[in-house]
Amino acid sequence: MVHGEAWTLKELFVYPNEYIYWTIQIVMYPFMTGLVAGAFVLSSLYHVFGIKQLKDIARFSLVFSFALLPVAMIPLQLHLQHPERGIEVMLTPHFTSAIAAFGIAFSTYGMIVASELWFVYRRHFVETALALREKRDKTIPERGRQLLFSALTLGAWDISEQALAKDERAVKIMATAGIPVACLLHGYAGFIFGSVKANALWTTPLMPFIFICSAVVSGIALCVLSYIVTMEVRKLMVAWRRKSDPSLPTPDEIRTVEMYEVTMTAKYLVLALLAALGLELLDLLFRDYAKFSSWEIVRSLIYGKDFVNVFVIQYGIGNLVPLALFLLPRLTVRRAVVATLLVLMGVFMMRWNLVIGGQAFSASFSGYMHYELPIIPHDIETFKEGLLGALLVGVLPFIFFWGLNKIFPVFKCEDTH
Amino acid sequence: MNRRDFLKNSITVIAGLAVPLSALELISPRKLLAQKGDESPVRWAFLVDTQACVGCGFCVKACKTENEIPHETNITRTWVERYVVTRKGKTYVDSPRGARDGFTTDRIDQGEEGYREVKAKDVEKAFFVPKLCNQCDNPACVQVCPVGATYQTPDGVVLVDRKHCIGCAYCIMACPYGVRSFNPAYKTAEKCTFCYHRISKGMKTACVDACPFGARKIGNLRDPDDPVTKTIMSGRVGVLKEQYGTKPQVYYLALSREVK
Ligand code: SF4
Ligand code: SF4
């Protein structure tokens with residue numbers, strides 16, 4: 001069996017070599033990079049524009065975007081036929097290819113996020129390392145921690161007022177520089193698709209901008225959602241622990257979801273969502289008006305075969321319903337949770353309809369291909385490019401985040417006590 | 001060297017010198033010169049006579065054997081399409097298994113939709129069109145390959161380096177003609193090479209040799225006396241999907257407008 005045959009069904013006339021070559025992992029790839037870029041932009045709102053209300057969520061999204069970073073390249077790696085050669089994209093890039101820029105965009109961005117994180121948490125590193133140094137009779141894990149945190153300070157132990165002020169300035173610079181780079185990272189993911197002239201659905205110069213707007217939408221949505229969920233989980237955990245030790249603070253005493261942070265962030269989400277919707281509709285309108293030779297088949301796809309996917313699930317349930325939920329007065333935590341979930345689903349469907357939809361018709365414009373997502377894997381390929389592979393990619397950032405949280409505590413120490 | 005050539009060459013050299021500074025090999029002077037066409041005495045091109053093709057599929061079989069593409073796998077470097085246009089103006093196309101075994105039935109293979117019967121009296125015209133890589137002069141596949149595993153030889157043939165291809169399928173997406181696939185054994189991008197291993201030794205491609213009707217011919221565009229070149233230059237030939245700007249180098253005699 002050749003690559004792609006396992007999940008492609010052909011209808012009418014399709015060239016013999018055509019299959020769905022870009023599968024669920026290539027849906028996950030722009031989805032994950034979008035989350036990275038969006039989360040970062042959100043955290044920058046606080047640092048660059050000094051929107052003080054976003055303090056909690058900004059710190060949260062910065063760490064989250066760092067946790068998402070390694071995951072953004074895993075889908076690419078998983079879909080390669082020769083994953084062991086994947087590194088060649090960075091070592092021997094061929095610069096006429098949009099994908100070749102990946103190494104540069106990705107590592108620049110990674111370095112910016114890492115250094116911003118460092119400046120934000122340097123004080124914490126120093127304080128933790130010093131506290132551990134003072135301690136007598138350390139256990140082995142404590143020694144390990146001391147070593148780790150001492151190393152993380154990179155030898156910069158000065159936490160005087162001036163030094164911290166300098167840190168703050170550095171954070172601001174990094175956050176500012178990060179915004180265009182985050183947009184680049186994701187805009188070029190859009191360019192990878194937009195520049196494929198052979199694909200009637202993908203080719204449009206608007207693609208990078210559509211990608212950036214929807215990235216911001218999804219990044220903010222994920223951060224708001226994870227913020228709410230983590231805060232609620234913490235509350236539950238405190239209540240549970242308090243059963244055995246009543247001296248702990250009550251759930252009401254610890255900090256919980258700050259509603260104004262959610263409302264404030266929701267405003268930015270709505271703005272980005274409107275921009276993304278506007279661009280997508282403009283694209284659709286233009287295609288309908290210009291009626292290129294490919295329009296007939298693209299039209300039959302969007303308004304016919306994929307109607308439910310595009311108009312009902314993506315635009316309807318994924319965009320308009322959450323828009324209404326956010327805009328109705330008196331936003332509640334519960335409504336925000338529902339709306340962000342829907343938004344995430346909507347952005348995912350947008351990627352799906354783009355990547356899978358773009359391959360749903362033959363380059364001959366006379367036939368269709370259907371993608372049957374492999375659910376139960378029967379070999380490594382159907383695992384990697386099936387439901388399980390996608391779920392793996394979806395779960396990893398949360399595991400990373402959990403690990404990172406041990407080094408970069410998102411909830412400040414004084415909050416927990 | 002006249003003044004025009006001098007200017008042309010100067011620009012080439014300046015562009016060539018400027019770029020290495022940035023250490024990015026975007027335009028190398030050698031490549032630029034090669035593209036001006038002054039270097040290689042050979043530019044391979046293909047000529048297909050759709051009126052001579054009877055859809056026997058011998059070429060497809062020969063290609064699979066020659067290039068070690070297992071017969072049972074559903075990919076092929078070259079294939080033959082059948083077009084049936086009805087009196088009502090509907091066009092039906094098929095290419096069952098790339099026409100590896102020719103066309104053994106009148107019914108038209110519509111994939112998941114099953115077979116379609118078209119009565120002989122309803123047929124306005126019917127014909128066969130062989131397809132293969134167009135060895136484009138401006139190949140989209142080469143442009144998008146992130147590691148440069150797909151490249152163009154100085155004599156105009158686009159090849160894949162199986163040792164470097166990472167298997168990203170970007171080239172497959174970029175080719176407007178759907179000629180690319182993945183090799184099931186090597187797991188690298190697979191495509192027609194004009195039988196580069198044969199033509200560079202003075203032989204013809206396997207499909208040209210296998211065609212009993214002379215529907216396929218290969219020639220050197222830089223040789224004005226080559227019969228293929230003569231036909232391409234003076235005959236009425238068409239190419240496929242010109243609108244993509246890929247400058248395809250497979251020319252078709254009697255190309256019908258229904259051909260996709
Ligand atoms: S036909 Fe396709 S594979 Fe062949 S050179 Fe042109 S773009 Fe590349
Ligand atoms: S599949 Fe191979 S030849 Fe094609 S673009 Fe990717 S690396 Fe290049």
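All chains are named by letter (A, B, ...) in the order of the sequence lines, taking the proteins before the strands, and each is independently numbered beginning at 1. Hydrogens, waters and symmetry mates play no part in the numbers below; they use all other heavy atoms, side chains included.
- Looking only at side-chain heavy atoms (C-beta outward), Leu12(A) and Glu113(B) come within less than 4.5 Å of each other.
- Contacts between Val196(A) and chain B at a heavy-atom distance below 4.5 Å involve the side chain alone, from C-beta outward.
- Formation of a donor-acceptor pair under 3.5 Å by the His82(A) side chain with backbone atoms of Lys163(B) is not found in this model.
- Listed here is the closest heavy atom pair of Ala100(A) and Pro146(B): CB-O, 3.8 Å.
- Atom OH of Tyr303(A) is surrounded by more than 12 heavy atoms from other residues, nucleotides or ligands within 6.0 Å.
- At a 4.5 Å heavy-atom cutoff, the contact between Glu81(B) and chain A is made by side-chain atoms alone.
- For Phe182(B) and Tyr21(A), the gap between ring centers is short of 6.0 Å.
- By the neighbour-count criterion of 12 heavy atoms within 6.0 Å, atom CZ of Arg257(B) is sparsely surrounded, having that number or fewer from other residues, nucleotides or ligands.
- When heavy atoms are compared at a cutoff of 4.5 Å, Arg97(B) does not approach chain A at all.
- Using bins of under 30°, 30° to 60° and over 60° for the plane-to-plane angle, the ring pair Tyr15(A)/Trp79(B) lands in the tilted bin.
- Rounding to the nearest 0.5 Å places CG of Asn17(A) at 11.0 Å from SG of Cys133(B).
- Atom NZ of Lys247(B) is surrounded by 12 or fewer heavy atoms from other residues, nucleotides or ligands within 6.0 Å.
- Within a 6.0 Å sphere centred on CD1 of Ile376(A), heavy atoms belonging to other residues, nucleotides or ligands number 12 at most.
- With respect to chain A, the highest number of heavy-atom pairs below 4.5 Å among Gly178(B), Ala185(B), Pro70(B) belongs to Gly178(B).
- More than 12 heavy atoms of other residues, nucleotides or ligands shown are found within 6.0 angstrom of OH on Tyr83(B).
- With a 4.5 Å cut-off on non-hydrogen atoms, Tyr186(B) touches chain A through its backbone but not through its side chain.
- Note on Pro184(B), Cys175(B), Ala169(B): by heavy-atom pairs under 4.5 Å with chain A, the leading option is Ala169(B).
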message = Determine whether Val147(B) and His94(A) satisfy the following criterion, side chain to side chain contact (heavy atoms under 4.5 Å, CB included), listing intermediate values before the conclusion.
response = CA-CA 5 Å; Val147(B) 293; His94(A) 177 235; 5.6 Å; no
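- Per-residue counts of heavy-atom pairs under 4.5 Å with chain B were compared for Glu18(A), Met90(A), Arg85(A), Glu5(A); the largest is that of Arg85(A).
- Heavy-atom pairs under 4.5 Å with chain A peak, among Asp94(B), Ile108(B), Thr73(B), at Asp94(B).
- Looking at Ile75(B), the atoms closer than 4.5 Å to chain A (heavy atoms on both sides) sit in the backbone and in the side chain alike.
- Pairing each heavy atom of Ile166(B) with each of Leu80(A), the nearest pair is O-CB, 3.6 Å.
- If you measure heavy-atom distances from Ile26(A) to chain B, you find no contacts under 4.5 Å at all.
- Enclosure of atom OH in Tyr196(B) by more than 12 non-hydrogen atoms of other residues, nucleotides or ligands within 6.0 angstrom is indicated.
- Contact detail for Ala198(A) and Ala174(B): the closest heavy-atom pair is CB-O, 3.2 Å.
- Between chain A and the residues Gly98(B), Cys168(B), Gly111(B), Gly148(B), the largest count of heavy-atom pairs under 4.5 Å involves Cys168(B).
- Shown here is Asp101(B), whose CG atom has more than 12 heavy atoms of other residues, nucleotides or ligands within 6.0 Å.
- The neighbour count for Gln243(B) CD, taken as heavy atoms of other residues, nucleotides or ligands under 6.0 Å away, is above 12.
- With a 4.5 Å cut-off on non-hydrogen atoms, Glu84(A) does not touch chain B at all.
- With a 4.5 angstrom heavy-atom cutoff, Tyr19(A) touches chain B only via side-chain atoms.
- Put simply, the side chain of Tyr92(B) does not reach to within 4.5 Å of the side chain of Phe13(A), judged on heavy atoms.
- The greatest number of non-hydrogen atom pairs below 4.5 Å with chain B, out of Gly103(A), Ser366(A), Ser195(A), Gly367(A), is found for Ser366(A).
- Heavy atoms closer than 4.5 Å to chain B are found in both the backbone and the side chain of Lys197(A).
- Annotation: the span from His3(A) atom NE2 to Asn183(B) atom CG amounts to 13.0 Å, rounded to 0.5 Å.
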